[in-house]
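Take a look at the structure below.
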Amino acid sequence: MKICYGDKSKFIKSALIRAVQYIKRNENDNRLICEMNTQRTVIQETMTGEADRVINAIKLIVKDEMERIIELQMPKGKQAAFKMTEPAAEVGTEDAPCFGEVPESSCEDVSEDVMAFLADL
């Protein structure tokens, strides 16, 4: 050890300096890990909130479109008596337009909530 460090005091100093550097490096690594975990948590919460908002908007759009399609399918006399309490799977879709067909409609048929949602995008 005398050849590398000279005397005991230089050896002790270099050992203490290495120990302090190791502790500082570990503290810096721990701080970075905590910061990354915090960022990951914030990103997850933001993504979950955004996904919930999009899902709710899509549910509203689908509900509006189902009501519009059901109104188009119902004869005039039955429209007043029908209420949207049954699930959409139980409603008959025999008179629904084909998948590739675009129904003739104007922009006035789209509800204001849907247009507001699309404007926000």
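Side chains are part of it too, since the values below use all heavy atoms of this structure and drop only hydrogens, waters and symmetry mates. Computed from a predicted model, the values in this text were never measured in an experiment.
Distance check: I23 CD1 to N30 CG gives 12.0 Å after rounding to the nearest 0.5 Å. Rounding to the nearest 0.5 Å gives a distance of 11.0 Å between CG of L32 and CG of N37.
Side-chain atoms of N56 come within 3.5 Å of backbone N or O of D52 as a donor-acceptor pair.
Considering only heavy atoms from C-beta on, E67 stays 4.5 Å or farther from I70 through its side chain.
Counting Ile, Leu, Val, Met, Phe, Trp and Tyr side chains that sit under 4.5 Å apart, directly or through other members, M47 shares a hydrophobic cluster with I43.
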Practice task
Go through the steps to decide whether E35 and R31 satisfy the test salt bridge (Lys or Arg N to Asp or Glu O under 4.0 Å), and finish with yes or no.
Solution key: CA-CA 6 Å; E35 185 176 327; R31 184 185 53 79; 3.7 Å; yes
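Using a 4.0 Å cut-off between a side-chain N of Lys or Arg and a carboxylate O of Asp or Glu, E65 and R68 qualify as a salt bridge.
For residues 40-50, the set of pairs meeting the salt bridge (Lys or Arg N to Asp or Glu O under 4.0 Å) definition, not counting sequence neighbours, comprises E50-R53.
Side-chain heavy atoms closer than 4.5 Å link hydrophobic residues (I, L, V, M, F, W, Y) into clusters, and following such links, even through other members, never connects L60 to I69.
For the side chain to side chain donor-acceptor pair (under 3.5 Å) test, no residue two or more places apart in sequence or in another chain qualifies with R25.
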